[in-house]
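Comments concern the structure below.
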Amino acid sequence: MASYDDDENFGSYGVVGSFPKDFGYGPDEQDTEDRSPSAESKPRILLMGLRRSGKSSIQKVVFHKMSPNETLFLESTNKIVKDDISNSSFVQFQIWDFPGQIDFFDPTFDSEMIFGGCGALIFVIDAQDDYMEALAKLHMTVSRAYKVNPNIKFEVFIHKVDGLSDDHKIETQRDIHQRANDDLADAGLEAIHLSFYLTSIYDHSIFEAFSKVVQKLIPQLPTLENLLNILISNSGIEKAFLFDVVSKIYIATDSSPVDMQSYTLTHMYPPAVLHSHTHMYPPVSLQNSGIEKAFLFDVVSKIYIATDSSPVDMQSYELCCDMIDVVIDVSCIYGLKDGEGSCYDKESSSIIKLNNATILYLREVNRFLALVCILREDNFDRQGIIDYNFHCFRQAIQEVFEVRFKAQNLTSNLQSSSGSLDAPAANGVVGSKP
Ligand code: GDP
């Protein structure tokens, strides 16, 4: 519609097959606009647990769009599966699905290599089974990993809770929490912090849990949240999420710890650039326009990258996930011209009117991300202003990732020039000389 949609900053959408094949994460060599860091710099998530605890199912349901019932026929994991989620500019991580029986004391097990570059370790416990053995394994895994890399975030998925009553769920979580922490305390490892989640592949809890895990690994989180807050407060949006569209995981929420924020402010972005972020964004104020909530989704995985600071309720999150499924599925079936191009592009948008006078509004942000907003129907008359604010928001998101991209290039240039600041930049993107 408006001319501001012709934003040259947003790279090539015409890349053939740029949308993931079969909703998976295939290689994407043709992506000339790829701003992703190298594989080595990706935060890595390890998925571990006993055999049959549900690791492969989680991976398939969240990242490969498998329906939960199909997991009944999955073969049990008996080797390390390295699943490289590399097609997304926002969510770059790997899932290493370990066989349950792995022996850490086997000399061929290279724990330095495995835990060294790991951002988060998810340990899956089958809550429908006797979990004593799993707890022993959890303790062994965590203490071993912590020795190699004390910065790992330890996440425990108390899984398959769909088979448990509400009371039983709470009791199981309390019991596992208590026993796991007692074991650590007995071993003098109180410094290790475990986070617990109740999960099931049969509802959205697995996406919610994965979102929280991924959010902890994203250094841009506070900046993204700020941008969403500015967007919703000026557009009357009630809730905003940044989603990875294929996995439906959200990447950020508003409850980020303060130390993470200060870390990002001081380490990730030069202060001048941050300053310009907050001032480059000129939203038109739209008080009371009634947008209730907005999510920014990653198109590839359906993780939501960020949301505004209003509370996240599961129902809104599920609605937005369902909307992405509808939009992407319909686009893939009917949206391709002569079977060519990408079914998700800068024209992708959707408005769904619900029967409770609420509107779901989806806009493409870039080839990986979608913003999904929830707003009141009578306030959608001012769509023009909302669209203008969205445009500002989209530009700001682009800026955030350009800063990151430049910072990475600067680092690699400095490294490649062997410490000499006078050497010319290796790739000419960020020069070290005036
Ligand atoms: P792995 O060996 O850890 O990779 O385990 P699998 O992913 O092969 O899962 C083992 C079994 O658990 C399969 O039959 C799955 O269908 C089942 N399963 C996985 N997740 C869930 C869940 O959330 N709820 C229930 N009820 N079953 C699950």
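Note that the coordinates shown come from a computational prediction; the quantities given were computed from them, not determined experimentally.
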May I ask you to test the [X]-[Y] pair for a side-chain heavy-atom distance under 4.5 Å?
X	Y	answer
L198	L164	no
F210	T199	no
T172	K169	no
N181	F196	yes
V62	F207	yes

Heavy atoms only: give me the nearest [X]-[Y] pair and the separation to one decimal.
X	Y	value
I352	S350	CG1-OG, 3.9 Å
A127	I158	CB-CG2, 3.7 Å
R394	E364	NH1-OE1, 2.9 Å
R144	S111	NH2-OG, 3.4 Å
S143	H139	OG-O, 2.6 Å
I206	I201	CG2-CA, 4.1 Å

Can you tell me how far the [atom1] atom of [X] sits from the [atom2] atom of [Y], to the nearest 0.5 Å?
X	Y	atom1	atom2	answer
L47	S53	CG	OG	7.5 Å
E208	E318	CD	CD	9.0 Å
I58	M66	CD1	CE	13.5 Å
S56	R51	OG	CZ	9.5 Å

Counting only N and O atoms by type, is there a donor-acceptor contact under 3.5 Å from the side chain of [X] to the main-chain atoms of [Y]?
X	Y	result
S205	S200	yes
N149	G116	yes
K55	L50	yes
Q128	K160	yes

*S195 and its side-chain hydrogen bond (donor to acceptor under 3.5 Å, both in side chains) partner, picked from K153, K212, H177, K216*: K216
*Do F123 and V142 pass the side chain to side chain contact (heavy atoms under 4.5 Å, CB included) test, and can you show the C-alpha distance, the side-chain angles, and the key distance before you say yes or no?*
CA-CA 9 Å; F123 195 92; V142 162; 5.8 Å; no
*With distance as the sole criterion, is a donor-acceptor pair present between the side chains of S165 and D167 under 3.5 Å?*
no
*Report yes or no: do N356 and T358 form a side-chain donor-acceptor pair below 3.5 Å?*
yes
*Quick one: sort the Y146 and F154 rings into parallel, tilted or perpendicular, breaks at 30° and 60°.*
tilted
_From CA spacing to verdict: side chain to side chain contact (heavy atoms under 4.5 Å, CB included), L371, I397_ = CA-CA 11 Å; L371 180 80; I397 291 273; over 6 Å; no
*What residue among L319, V327, D325 forms side chain to side chain contact (heavy atoms under 4.5 Å, CB included) with M323?*
V327
_R179 bridged to D182 by N-O distance under 4.0 Å_ = no
*List the steps and the verdict of side chain to side chain contact (heavy atoms under 4.5 Å, CB included) for L46 and I114.*
CA-CA 9 Å; L46 299 183; I114 295 193; 3.8 Å; yes
*Evaluate side chain to side chain contact (heavy atoms under 4.5 Å, CB included) for L121 paired with M48, printing each intermediate quantity in order.*
CA-CA 7 Å; L121 191 157; M48 302 178 86; 3.8 Å; yes
_Greater than 12 external heavy atoms within 6.0 Å of E190's CD_ = yes
